[in-house]
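Data block below; observations after.
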Number of protein chains: 2
Amino acid sequence: MNSSRPVTIKDIARRFRCSPSTVSRALNDHPAINEDTRKNIQEYAKEVGYQRNEVSLSLLNKKTATLGVVVPTIGNYYETAVIEGLHTILQPLGYTLNICVTNENYLLEKEYLSKLLSNRTEGIFLSVSQETYDAGYYEHLESVIQRKTPLIFIDREYEDFETSRATVDDYHGAFAAVEHLLTIGYKNVAHLKGPNGLTVSEQRFKGYRDCLKKYDIPIREELIINTNFKVESAIVPTKRLLDLDSPPDAIFGVNDQVAIGAMRVILDRGLKIPGDVGIVGFDNSPISAYTYPSLTTVHRPGRKIGMEASRLFLNQLNGSGDFVHENIVLPTELIIRESSLRIS
Amino acid sequence: MNSSRPVTIKDIARRFRCSPSTVSRALNDHPAINEDTRKNIQEYAKEVGYQRNEVSLSLLNKKTATLGVVVPTIGNYYETAVIEGLHTILQPLGYTLNICVTNENYLLEKEYLSKLLSNRTEGIFLSVSQETYDAGYYEHLESVIQRKTPLIFIDREYEDFETSRATVDDYHGAFAAVEHLLTIGYKNVAHLKGPNGLTVSEQRFKGYRDCLKKYDIPIREELIINTNFKVESAIVPTKRLLDLDSPPDAIFGVNDQVAIGAMRVILDRGLKIPGDVGIVGFDNSPISAYTYPSLTTVHRPGRKIGMEASRLFLNQLNGSGDFVHENIVLPTELIIRESSLRIS
DNA sequence: AAAATTTTTTCAAACGTTTGCATACATTAT
DNA sequence: ATAATGTATGCAAACGTTTGAAAAAATTTT
């Protein structure tokens, strides 16, 4: 059993009866190294499977080439699209993404941030957890700020925090969705809302509300019911909506999952979509184009958000001390499909 | 502009005119430190936001408490469930998961593995990319083996590799799915297959094939068409199936996405599900319970796979040199829903 | 052959932390 | 007063690598 301690530069130096510096230089193609020495050392290194210890280099250079991505979940299409976008830009620059999933849990988020800092992560992309938002905690961010580690908020942000942000224009996306329903003749639009407090939920809700206002339609509180973004969480609320004395003739879901859940309940009642009830979702997840009926939805550019967030990070990194934080808001796009095509 | 170099133990030592050792001991509650000294130092450390540099510790202890999770994608429910399972077991033990997405790309997979080794990751969970599988490359794994870094295969494995594995019993899952279709009266079962070469694809295909054999049904090559797991990739193949002179009366999709795509095409043709065509998917993704009609599927225990894989890793870590690799195969479960309930 | 130049190699410090051992100081027992 | 004990701190090495400066070796020029 040869213990498998990784081969170090010192081991190689011993083997060639030279100093570690020589080995280091030989491996890095330093010009001031004899051609033969270089060749021999490189060959031997390859042979014994030498791999340089990046940990020691990190310590020396105070650079880890690692970035933290802290998100509440990776269960939805959107988050994975964001990660893909980050990846697209940052991987080629040599960065490793350390993806941390908080499960909407404040304590975990705090722990991850602390760990990322301890590991000298060079930047953090953060989409705060629901618990964090609910409780209004933010002390755990202080240390990130204090250490001047670039911090980029994704989507869910603290409004009173001085950092760069990349967000989707949820407000206008929601507005457009509801306006679309109203203009083709739906009168009573319900909203399956996201969890209270989260920016995405609230912005979409505002878009819904303001659009109704614009068309002089009174807000009916009973048409607004909370969900938790998951498909299951739409079932009971939709039933409640349909059981109302004056049920809605259209539903705007906070995301596609919820909209799909709602569709199911509606179809089960023998109602027609879009004939009896119109449906609009949010996200433009791949599945939304293939449900039956296909789902009208608001495209949310996750990949672009990831790429923009990367750009924000890079700007902040290269920026001077008095760097002004940027706030990117990407537009959404209404994708009209069958679930809202009223055959009048 | 105070440069934000992180506070070190040396800085604190200078401040208290003592040695770094004392500070280190004070911060770690070493008994041989004067109570006052300890208190003062700890207070000051907190005040200036000291956070110990884990990089230096990693170098010293040759421990990084980091594990690599290398997967082809995180876009599907299953993968995220696996990650959740890994997380559930390993996070409480202090491990950080470094999630690397290869996008089914061999070069990226290779680069990630090399980087993980360079960063002295203590273990690697690997689900090999399609390209890797296709090409039959495996040199990039040699260095992992050589360094004796625990390597756990998840689902997609090289059959000729000496490592621990956690896989789902795709074969029997597929078999059960097809048997279900046959026993309730479907005669011509088509299969929307996954990409060639991948274990999951091939095992499910084998289950399909062997089940037909068991029931003395001849294999019709034209009823087996490839997809790439994505919902879009099922559209054209399904159309082709329906256009056959003798079209299938049931379709077994390699996963839920593909099955959902197929359903859409079938419904668009005015055919009834399950009346005219029965459908079964694979994965039991959350959405499958809420499609219209709901989808019969094979439950794939992603979370459990993650937890079992963690266990395999821990066993290997604590195991002696002559550790025997384990091979865990978890059973699947057929979930019968509407899409295969023939109303005869 | 000595001096000047070029080429190649080594030395030593640095990154931040921990830890066994030595040392200094204070206290108690002789 | 001296020796023995106990308490608190410092020294130095170690982890693996890079790099400026010094040194050594080889080569060229005078």
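Throughout, protein chains are lettered first and strands after them, A, B, ... in sequence-line order, and every chain is numbered starting at 1. Any value given below was found using the heavy atoms of this structure, including those in side chains, with hydrogens, waters and symmetry copies removed.
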All pairs passing side-chain hydrogen bond (donor to acceptor under 3.5 Å, both in side chains) where residues 53-70 of chain B contributes a residue, at least two apart: none

For atom CG of B:Leu59 and atom P of D:dA13, their distance in whole Å: 17 Å

A:Thr88 side chain vs A:Glu84 backbone, donor-acceptor pair below 3.5 Å: yes

Nucleotide D:dT19, atom P - distance to CG of A:Leu27 in whole Å: 13 Å

Nearest-Å distance for atom pair CG/P, residues A:Leu60 and D:dG20: 11 Å

Sugar-phosphate, base or nothing in reach of B:Ser58, heavy atoms under 4.0 Å: nothing

Ring centers of B:Tyr106, B:Tyr138 separated by less than 6.0 Å: no

Selection: residues 7-26 of chain B, any non-hydrogen atom under 4.0 Å of DNA chain C: B:Thr8, B:Ile9, B:Lys10, B:Ser21, B:Ser24, B:Arg25

Side-chain donor or acceptor of B:Asn119 paired with backbone N/O of B:Thr121 under 3.5 Å: no

Verdict with supporting geometry, B:Asn98 and B:Tyr112, side-chain hydrogen bond (donor to acceptor under 3.5 Å, both in side chains): CA-CA 10 Å; B:Asn98 204 328; B:Tyr112 272 129; over 6 Å; no

Flag, side chain of B:Lys115 to backbone of A:Gly94, donor-acceptor distance under 3.5 Å: yes

side-chain N/O A:Asn28 vs D:dT18 OP1/OP2, d < 4.0 Å: yes

Trace of the side-chain hydrogen bond (donor to acceptor under 3.5 Å, both in side chains) decision for A:Glu109 with A:Ser129: CA-CA 7 Å; A:Glu109 177 175 312; A:Ser129 77; 3.2 Å; yes

B:Gln91/A:Glu111 under side-chain hydrogen bond (donor to acceptor under 3.5 Å, both in side chains): CA gap, chis, key distance, verdict: CA-CA 10 Å; B:Gln91 204 271 337; A:Glu111 194 176 328; 3.2 Å; yes

Leading and trailing nucleotides of DNA chain C with any atom under 4.0 Å from heavy atoms of chain B: C:dC15 to C:dC21

Most 5' of B:Arg120 and B:Asn34 on DNA chain D, judged by nearest nucleotide: B:Asn34

